[in-house]
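Here the structure is laid out as structure tokens; the discussion comes afterwards.
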Amino acid sequence: MNGNANNGLSRRGFLGMAGIAGAAAALGIAGCAPNASESVKPDNEAENGTENDWLGTAPDIAESDIVETRETDLLIVGAGNGGMVAAATATDEGLDFIICERNDHVQKTRDWIGAVDTSQQKEADVHIDHLELINELARYASYKCDMNVWRVWADESADTMAYLDSVLSSVPEFGITASLDTVNFDKQTKYTPIIQHMYLQDPSNCLSSPEMKRNEALESYIASKGKQVTYKHTLVKLERESEGAGRVTGAIFETDNGYVRINGKKGVLLATGGYAGNPVMTEALAPIVSQCTTRANNTSSCDGSGIKAAMWIGAKKDQQPAPMLFARGLVAPGVNAGYEGEGMDAVFPGTVHQFNLGTQPFMKVDRNGKRFINESTPYEAVCFAAADHPGGVWCEIWDSNAEKDIERFATVGCSKVTAHLLASTGKTLEELNAEHIENGLVFKADTIDELADLLGFEGEAKTNFLAQVDRYNELFDMQSDEDYGKEAFRLSELRTPPFWGAWNGACYLTTVDGLKINADMQVLDQEGSVIDGLYAAGDCSGSLFADNYPEYMIGCACGRTLTFSRHVAKKIASE
């Protein structure tokens, strides 16, 4: 791991790979007893046994330490996006269940929901070819996925949206149905299906979500039916009928009162999230993250505990990482991408939640002052590309015409939040960035030369930067990006003062590589066989993504989380 002091803008600041193995070796498993059982060795473990030190071993819990045993039909682990839909579905299906959450509240709601063939799409005359969509998703993953699992989302997400609409519209504090975002999709030059659904008070404003979030509304709904979330239950381990074989019978949790065993007679659903909150797992499994990331914007309790618990009993995990990175990690000049600190205490240097302007397709340059990518690409593209450039960061440049540029760029997804902020608040872009300007994160200048100095460009890098601005203006005049192929309507000129600039790295949201599952969300073992009684949904599950989050398939990750969780509850109820 590297420090992120201001080391200037030379190549010496480039973030290397050193320290990853050492960081992995520093892992400790919270709550584990001293005498741990032997862990399952994944099929990708290095010969020296150090590559998977992040996995640790399952703790031994003495029977005498179990203070309580509870029985249910379906045990749901995690009260987040997936777990709460599973709980609501189980409630309506008359299925006995217990839902356990390690925190004292439901988890954060992910608002963007991708779904196919919904009533909203039919009303808008939107038609999605299932096979075209599934093949595009598989292409993003280089076909390192299970297309049969993707098909379940394509075929069942409409039912999930209809169910959510019926439930959420009945909760007095929520009381609305979802709307379909169709704005600007006709301007996209890449395959970008209209699948983004959101719960909004004003369908024309993506910032007008109801005060009560979806997961809170679902908690209110199950409470009205006499059900509740069991809080402050931290997953320790899963249990099987026999060591390394047999049906999964339940799980052991750590609580304030001691260890509690909960048996799920019909199944256990893991909905525990990914591992973005675990720096050691991140360094070991997705090392590119630390090479280009400056800000963590994830849930700290998404620490991979569900993934590890399943692997301890023989489950197989995706071998290819799939971090969700957005180009919004605002930092000061000279700050490098990468973790600061060691082990589980490591953090990224950025302090801004998300700098949404970062995903607008303005000109972006590296520390050498040169463009290095088509800026009109999915969010993680510039992040991954920057990993091979000094410091793992890049600089974004715009001028006083930026507000008109943003309207013309016509981006979709959460990138358009900037446009909605401008429209809904009546503020200028400068006013929206006032705090960042005051904190020395966004810079304003009357000339490009002065801006270069403020951004820290010196010597050859400054010469390159000034030449790059001239070249970018030439491309705008030609209305043709002969260098990187960006669409003409997403080019902008840099001629009208004042001029603006800011440095960014990636903003790390979550991971979407997880446990291998089949089309019924049953977790698979190292040989691809079903682990009876164990299911996974959401970011702890895998079999879909590899290397990236397919950003143009807006909301597909959350959509599959909700759809798959409902599928599990309905399947178990039917049995």
Side-chain angles (χ1 to χ4, degrees), residues 5-14 294 327 329-337 352 355 357-358 360-376 382 385-386 389-406 408-409 418 428-484 486 490-505:
N6 190 329
N7 294 320
L9 299 181
S10 70
R11 287 188 180 272
R12 288 177 297 176
F14 177 60
T294 54
L330 187 65
V331 289
V335 174
N336 292 338
V352 175
F355 183 57
L357 188 65
Q360 290 291 326
F362 290 113
M363 187 184 82
K364 294 175 173 65
V365 299
D366 65 9
R367 282 184 172 172
N368 292 320
K370 296 181 178 181
R371 283 181 78 197
F372 59 98
I373 194 172
N374 173 358
E375 297 91 348
S376 182
V382 66
H389 290 258
V393 294
W394 61 90
C395 188
E396 182 177 46
I397 309 297
W398 63 97
D399 73 1
S400 63
N401 292 313
E403 292 172 22
K404 294 180 180 178
D405 291 335
I406 290 169
R408 175 167 45 82
F409 291 161
T418 297
T428 65
L429 202 57
E430 180 172 0
E431 289 171 332
L432 290 176
N433 286 321
E435 182 179 352
H436 304 325
I437 297 168
E438 182 180 351
N439 292 335
L441 298 174
V442 172
F443 296 89
K444 173 185 178 182
D446 292 328
T447 67
I448 290 292
D449 189 275
E450 180 187 354
L451 181 65
D453 293 336
L454 292 173
L455 293 169
F457 290 106
E458 298 176 350
E460 183 180 356
K462 180 176 179 180
T463 300
N464 292 338
F465 174 74
L466 297 176
Q468 183 65 80
V469 171
D470 289 340
R471 173 60 176 166
Y472 200 70
N473 285 331
E474 290 176 5
L475 299 175
F476 177 81
D477 292 340
M478 292 188 294
Q479 285 295 285
S480 175
D481 183 5
E482 295 180 351
D483 296 342
Y484 291 95
K486 182 159 63 177
R490 286 184 173 158
L491 291 168
S492 56
E493 57 183 334
L494 299 169
R495 291 187 170 112
T496 308
F499 302 99
W500 300 86
W503 288 94
N504 281 278

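Just so you know, residue 1 is the first one in the sequence shown, and it goes up from there. Values below: all heavy atoms of this structure, side chains included; hydrogens, waters and symmetry mates excluded.
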K444 side, atom NZ; L454 side, atom CG - distance, nearest 0.5 Å: 12.0 Å

Min side-chain heavy-atom separation W398-I406 under 4.5 Å: no

E450 side-chain N/O to A445 backbone N/O, donor-acceptor pair under 3.5 Å: no

Smallest separation among heavy atoms of A337 and V393, with atom names: N-CG1, 4.0 Å

Closest approach of Q468 to V365 (non-hydrogen atoms, all atoms of both residues): CG-CG1, 3.9 Å

Test ring-ring contact (aromatic ring centres under 6.0 Å, His included) applied to W503 and F457, F355, W394, the passing residue: F457

Expected output: side-chain D366 to main-chain G369 donor-acceptor under 3.5 Å: yes

CG-CZ distance between D481 and R371, expressed to the nearest 0.5 angstrom: 4.0 Å

Criterion side chain to side chain contact (heavy atoms under 4.5 Å, CB included) on D449 and K462, from CA distance to verdict: CA-CA 8 Å; D449 189 275; K462 180 176 179 180; 3.2 Å; yes

Value rounded to 0.5 Å, distance of CG in L455 from CD1 in I397: 5.0 Å

Distance in Å, H389 NE2 paired with K370 NZ, rounded so as to fall on 0.5 Å steps: 10.5 Å

Under the ring-ring contact (aromatic ring centres under 6.0 Å, His included) test, residues paired with Y484 that sit two or more places apart: none

Audit row: E375, K486, salt bridge (charged side-chain N to carboxylate O under 4.0 Å, His left out) steps and yes/no: CA-CA 7 Å; E375 297 91 348; K486 182 159 63 177; 2.9 Å; yes

Side chains of R367 and N336, donor plus acceptor under 3.5 Å: yes

T496 backbone acceptor or donor facing S400 side chain under 3.5 Å: yes

Atom CD of Q479 with >12 non-hydrogen neighbours under 6.0 angstrom: yes

Contact summary for G501 and L451, nearest pair of heavy atoms: N-CD1, 3.8 Å

Stepwise side chain to side chain contact (heavy atoms under 4.5 Å, CB included) check, L466 with I448: CA-CA 7 Å; L466 297 176; I448 290 292; 3.5 Å; yes

Residues which pass ring-ring contact (aromatic ring centres under 6.0 Å, His included) with F443, listed by chain and number, not counting sequence neighbours: none

Rounded distance [0.5 Å steps], CG in L441 versus CG in L330: 4.5 Å

Donor-acceptor pair, side chain of E431 and main chain of T428, under 3.5 angstrom: yes

Approximate separation, where rounding is to 0.5 Å, of T447 OG1 and F499 CZ: 7.5 Å

Aromatic ring pairing F409/F362, orientation class (parallel under 30°, perpendicular over 60°, tilted between): perpendicular

Side-chain donor or acceptor of N473 paired with backbone N/O of L494 under 3.5 Å: yes

Heavy-atom side-chain proximity of R471 to E482 below 4.5 angstrom: yes

Residue pair N368 / P390, side-chain heavy-atom distance below 4.5 Å: yes

Validation row: Y472, D483 side chains within 4.5 angstrom (heavy atoms): no

Verdict with reasoning, L429 to L357, per side chain to side chain contact (heavy atoms under 4.5 Å, CB included): CA-CA 9 Å; L429 202 57; L357 188 65; 4.3 Å; yes

